[in-house]
Peer 1: 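My questions all concern the structure below.
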2 protein chains.
Amino acid sequence: MEYLEGKNKFIQAWGTLGSNWGINKAMAQIHALLLLATEPLSAEQIMEELQISRGNANMNLRALMDWGIVKKEFKVGERKEFFSTSKDVWELAKQVSRERRRREIEPILSILKEVQGVSGENKKEVEEFKKVTAELFDFSQKVDNTLVKFTNSDQNWFFKLLLKI
Amino acid sequence: MEYLEGKNKFIQAWGTLGSNWGINKAMAQIHALLLLATEPLSAEQIMEELQISRGNANMNLRALMDWGIVKKEFKVGERKEFFSTSKDVWELAKQVSRERRRREIEPILSILKEVQGVSGENKKEVEEFKKVTAELFDFSQKVDNTLVKFTNSDQNWFFKLLLKI
DNA sequence: AATAAGTTTCAATAATATTTGAAAGTATAG
DNA sequence: CTATACTTTCAAATATTATTGAAACTTATT
């Protein structure tokens, strides 16, 4: 397979994967492009390679920076900004976990806690509600704890551990 | 907080959580409703409670059944179909992992493997490409293995294990 | 201070995904 | 067999989300 074909295939696949996990296609594709780049890329280069507009590139680069997985860089003598991402897959996974934990697990935990105190006429329904939400709370908390450990772990502690089983 | 308020809050939150993870809102909300129900619900009841159309209810119930997390049930003397979901959060998590593994990890693994064999003029680029995709392949395979263990584990083996650390 | 190079914003537009509802399909009961 | 109760399908409508592009803004250079 030709390099260019492989590259496009990979970028395409990364975009699709992102979409399935609630990350917009352009954002995932920019990330894929940066993963493959041998040096930081300018907004122009990204626009050009992915055939997207300046506004789109800018917004998604910002989103990637918000996620903490893309960094702005400057080159001496150049006024333009350049962008790069870490090639360390392990670091990437940890950063994504960290953000998703903050953005999704924490809010759901807080809601589950909040709704625990419901009251009402129908005893059976209320009890079922409390039971289910309590179990979800418990489970979510376990996931949360696991992610905290994971995101703070050095190396691939996690997988090494699993190998021992 | 009144039961109804809590219920709505939970259903709403479950829908939002779903959206963030690439699952459509109605699908997640139907699931939330079934989680809280004290007995299997008919399509009518679901349509009524969530204020959605018959077609919508039907399609998303089918999708939930495809995911293996909702089951059709029949009541004696009733011609209608009823739907229920397992209240076991652990089982639910395993089933979702199983499906996502099949639907997303396996395809990406196959693409990563496929693009490994690229060739091209620019040695530096090609090498970087192979390096990055090889690392992603390795990582994805580890995740895949972990999920296999997870989805086959009894009880909360996983979390119990983590407690030991 | 004026110009140039580059970045950001955001209303308008386009693309995508979801939802509806009515018609077609199926199965059960009489 | 056929009327009835219910389910499924899917084209069209709607809602949501992503993208564009040009104007506004910012910063650096002369």
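First the proteins, then the strands, lettered A, B, ... as listed; each starts at 1.
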Peer 1: Assign B:N58 to base, sugar-phosphate, or nothing according to its heavy-atom contacts below 4.0 angstrom with the strands shown.
Peer 2: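 Base contact.
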Peer 1: Expressed as a whole number of angstroms, how long is the span from B:I52:CD1 to D:dT8:P?
Peer 2: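 Atom CD1 in B:I52 sits about 14 Å away from atom P in D:dT8.
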Peer 1: Nearest to the side chain of B:E81, which nucleotide is it out of C:dA5, D:dT19, D:dT7?
Peer 2: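 Nearest listed nucleotide: D:dT7.
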Peer 1: Report yes or no: is there a donor-acceptor pair, N or O only, under 3.5 Å between the side chain of B:R54 and the base of D:dT8?
Peer 2: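 Answer is no: no donor-acceptor pair is held.
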Peer 1: Counting heavy atoms from C-beta on, name the nucleotide in C:dA4, C:dT19, D:dA5 closest to the side chain of B:M59.
Peer 2: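 Output: C:dT19.
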Peer 1: Mind calculating the distance between CG (B:N60) and P (C:dA17) to the nearest angstrom?
Peer 2: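 From B:N60 CG to C:dA17 P: 15 Å.
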Peer 1: Using whole Å, report how far NZ of A:K80 lies from P of C:dA4.
Peer 2: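 Distance, rounded to whole Å: 17 Å.
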Peer 1: Quickly work out the A:R62 CZ to C:dC10 C1' distance and round it to whole Å.
Peer 2: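 These atoms are roughly 11 Å apart.
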Peer 1: Nearest to the A:N24 side chain among D:dA5, D:dA28, D:dA18, which nucleotide is it?
Peer 2: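 The nucleotide sitting nearest to the side chain is D:dA18.
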Peer 1: Looking at A:E2 and A:K9, does any basic side-chain N land under 4.0 Å from a carboxylate oxygen?
Peer 2: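 No salt bridge links A:E2 with A:K9.
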Peer 1: For A:K142, is there an ion pair with A:D138 - N to carboxylate O distance below 4.0 angstrom?
Peer 2: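 Answer for the salt bridge query: yes.
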Peer 1: Starting from the 5' end of DNA chain C, give me the residue, A:G55 or B:M27, whose nearest nucleotide shows up first.
Peer 2: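 Whichever sits nearer the 5' end wins; that is A:G55.
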Peer 1: Need one value for B:A43: base, sugar-phosphate or nothing, where a base atom within 4.0 Å counts as base even if backbone is also close, heavy atoms only.
Peer 2: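 Nothing, no heavy atom under 4.0 Å.
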Peer 1: Any ion pair linking B:K87 and A:E135 (charged N to carboxylate O, less than 4.0 Å)?
Peer 2: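 No salt bridge links A:E135 with B:K87.
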Peer 1: With a 4.0 Å cutoff (strictly under), does any side-chain N or O of A:N56 reach OP1 or OP2 of D:dT20?
Peer 2: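 Answer yes for this pair, as a side-chain N or O of A:N56 is under 4.0 Å from OP1 or OP2.
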Peer 1: To the nearest Å, how far apart are B:W21 CH2 and C:dA17 P?
Peer 2: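 About 19 Å, once rounded to whole Å.
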Peer 1: Are B:W21 and A:I108 connected, step by step, through hydrophobic side chains (Ile, Leu, Val, Met, Phe, Trp, Tyr) whose heavy atoms are closer than 4.5 Å?
Peer 2: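 Yes; A:I108 is reachable from B:W21 via cluster members.
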Peer 1: With a cut-off of less than 4.0 Å, is there a side-chain N or O of A:K72 near OP1 or OP2 of C:dT8?
Peer 2: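 Yes, within the criterion.
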Peer 1: What is the distance from NZ of A:K25 to C1' of C:dT16, rounded to the nearest Å?
Peer 2: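 Value for this atom pair: 10 Å.
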Peer 1: How long is the line joining CD of B:E78 and P of C:dT28, in whole Å?
Peer 2: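 Atom-to-atom, B:E78 to C:dT28, this comes out as 14 Å.
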Peer 1: Distance check needed: D:dT8 P versus B:M47 CE, whole Å only.
Peer 2: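 Whole-Å distance recorded here is 13 Å.
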Peer 1: Determine the sole option in A:M65, A:H31, A:Q29, A:M27 for which the side-chain contact (heavy atoms from CB on, under 4.5 Å) test with A:N60 is passed.
Peer 2: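 Option passing the side-chain contact (heavy atoms from CB on, under 4.5 Å) with A:N60: A:M27.
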Peer 1: So which one's nearest nucleotide on DNA chain C is more toward 5', A:S19 or A:F82?
Peer 2: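 Result of the comparison: A:F82.
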